[in-house]
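Heads up: the structure comes next, in structure tokens.
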2 protein chains.
Amino acid sequence: MSEQMMAEMLEKLRESGVKLTHQRMEIFREIAGRTDHPDAATIYECVRKRLPTVSLDTVYRTLSMLKEAGLISTLGPNQDRLRFDANIAPHHHFVCTKCGKTEDFYCEEFNALRVPSDVLNMGIVEHSHVELRGICSECRRSN
Amino acid sequence: MSEQMMAEMLEKLRESGVKLTHQRMEIFREIAGRTDHPDAATIYECVRKRLPTVSLDTVYRTLSMLKEAGLISTLGPNQDRLRFDANIAPHHHFVCTKCGKTEDFYCEEFNALRVPSDVLNMGIVEHSHVELRGICSECRRSN
DNA sequence: TTCCTAAATAAGAATTGTTACTATTTAGTA
DNA sequence: TACTAAATAGTAACAATTCTTATTTAGGAA
């Protein structure tokens with residue numbers, strides 16, 4: 001992980017007014033040093049090698065705090081439970097970052113986006129799915 | 001829900017060689033009749049009004065079977081646990097539908113996609129995130 | 001139609017990922 | 001160096017999902 005990332009982390013955490021603990025440093029160092037997208041258990045196992053007494057609870061709390069502080073993000077629509085979709089035609093989603101509401105929309109253009117050259121090396125692209133994120137009309141009104 | 005959807009469901013299930021039970025019909029009817037993206041518990045509660053003895057387990061098994069048969073899909077990267085990402089710069093994902101591996105890539109063009117008119121009514125778009133789905137090189141080789 | 005059998009179900013127990021509780025420790029400050 | 005609020009470890013609790021087992025049923029055969 002770069003010095004710059006570490007410096008940014010220290011600054012943002014100081015801004016947030018939280019304490020700079022060993023555990024927080026090591027947990028951030030772990031996640032910032034990898035480009036796969038590990039889950040909490042994986043981070044816990046790796047951090048444990050350096051900090052044997054760290055608890056899984058601390059890992060969860062720290063990840064949640066880092067997310068709150070804008071230092072990390074999570075994959076997919078805001079966690080919670082698995083949601084199902086009977087619409088199997090190609091379609092895309094508008095997702096409200098406030099309330100999590102997800103609405104379908106259709107767009108031919110998005111169904112066949114030009115695949116960037118970097119991605120050609122990763123594998124064969126079969127579908128493209130666009131997620132447009134923002135604030136839904138309802139949340140905007142009630143705000 | 002349209003007759004056509006129901007017909008397609010019956011055909012696909014017959015193809016899969018599974019039994020056409022009341023429970024499966026009603027669970028599919030429920031999810032196909034709505035455009036929000038309900039979770040298993042919601043589907044369970046709604047189906048229960050018509051089939052009071054249905055079990056939550058059956059709902060889970062049926063949804064999983066319908067997904068396997070290609071009749072429904074799930075939102076987000078394949079369920080399982082929450083995964084974290086220390087990359088907070090705007091970026092996009094290539095996701096392998098076989099093994100679930102998720103790789104980051106960057107593309108200016110995808111950062112600012114033209115928002116379709118339908119979506120303008122849904123709310124204000126702040127970010128766009130593209131998920132290109134396919135088979136990663138590794139899975140392709142080992143296949 | 002009735003019978004048969006493998007598949008599916010209901011009910012509840014078990015498992016897994018995540019969060020909460022509480023006594024102890026520690027970062028930041030005086 | 002001492003103080004205090006915040007953070008931690010350890011464990012218990014919780015919620016979503018899956019498994020186990022005895023019972024029921026769809027679909028095919030007689």
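In what follows, chains carry the letters A, B, and so on, assigned in the order in which the sequence lines appear, proteins first and then strands, with residues in each chain numbered from 1.
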Subject >> For atom OH of A:Tyr44 and atom P of C:dT19, their distance in whole Å >> reply: 16 Å

Original post:
A:Glu68 has an atom CD; how far is it from atom P of D:dA6, in whole Å?
Top reply: 17 Å

Subject >> Residues which pass side-chain hydrogen bond (donor to acceptor under 3.5 Å, both in side chains) with B:Arg24, listed by chain and number, not counting sequence neighbours >> reply: none

Original post:
Between C:dG28 atom C1' and A:Glu15 atom CD, what is the distance in whole Å?
Top reply: 18 Å

Original post:
With A:His91, which residues qualify under side-chain hydrogen bond (donor to acceptor under 3.5 Å, both in side chains), at least two apart?
Top reply: A:Asp85, A:His93

**OP:** For A:His22 and D:dA6, give me the distance from atom NE2 to atom P, rounded to whole Å.
**Re:** 21 Å

**OP:** List in chain and number order the residues that pass side-chain contact (heavy atoms from CB on, under 4.5 Å) with B:Asp118, two or more places apart in sequence or in another chain; answer none if no residue qualifies.
**Re:** none

**OP:** Show which residues join A:Ile124 in its hydrophobic cluster (side-chain heavy-atom contacts under 4.5 Å, direct or indirect), or state none.
**Re:** none

**OP:** Indicate, with a heavy-atom threshold strictly under 4.0 Å, whether A:Arg61 touches base, sugar-phosphate, or nothing.
**Re:** base

Original post:
Got a sec, which pairs hit salt bridge (Lys or Arg N to Asp or Glu O under 4.0 Å) with one end in residues 32-44 of chain A, sequence neighbours left out?
Top reply: A:Glu30-A:Arg34, A:Arg34-A:Asp36, A:Asp39-B:Arg81

Original post:
Is the closest side-chain donor-acceptor distance between A:His37 and B:Asp104 under 3.5 Å?
Top reply: yes

Subject >> Degree of bending, the helix from C:dT1-D:dA30 to C:dA30-D:dT1 (end axes from five pairs; round to 10°) >> reply: 30°

Subject >> Shared-cluster residues of B:Val125, by chain and number - hydrophobic side chains joined below 4.5 Å >> reply: A:Phe94, A:Phe105, A:Phe110, A:Leu113, A:Val115, A:Val119, A:Leu120, A:Met122, A:Val125, A:Val130, A:Leu132, B:Phe94, B:Phe105, B:Phe110, B:Leu113, B:Val115, B:Val119, B:Leu120, B:Met122, B:Val130, B:Leu132

Protein-nucleic acid N or O pairs under 3.5 Å, nucleotides 15-18 of chain C:
from	atom 1	to	atom 2	distance (Å)
C:dG17	OP1	B:Arg81	NE	2.8
C:dT18	OP1	B:Leu82	N	3.1
C:dT18	OP2	A:Tyr60	OH	2.3
C:dT18	O5'	A:Tyr60	OH	3.2

Subject >> Partner residues of A:Arg114 under the salt bridge (charged side-chain N to carboxylate O under 4.0 Å, His left out) criterion, sequence neighbours left out >> reply: B:Glu109

Original post:
Does A:Gln23 make a side-chain N or O approach to OP1 or OP2 of C:dT26 shorter than 4.0 Å?
Top reply: no

Subject >> Separation of D:dA6 C1' from A:Met65 CE (nearest whole Å) >> reply: 12 Å

Original post:
Do A:Lys98 and A:Glu138 sit within salt-bridge range, that is, some charged N less than 4.0 Å from a carboxylate O?
Top reply: no

Original post:
Is the shortest side-chain N/O distance from B:Ser55 to OP1 or OP2 of C:dT9 below 4.0 Å?
Top reply: no

Considering only nitrogen or oxygen atoms on both sides, find all protein atoms under 3.5 Å from nucleotides 27-30 of chain D and state each distance.
from	atom 1	to	atom 2	distance (Å)
D:dG27	OP1	B:Leu20	N	2.8

Original post:
Other than B:Ile135, which residues form its hydrophobic cluster under the rule that side-chain heavy atoms must be closer than 4.5 Å?
Top reply: none

**OP:** Could you state the atom-to-atom distance from CG of B:Asp57 to C1' of C:dA14 in whole Å?
**Re:** 12 Å

**OP:** Could I get the full list of side-chain contact (heavy atoms from CB on, under 4.5 Å) partners for A:Glu45, not counting sequence neighbours?
**Re:** A:Arg48

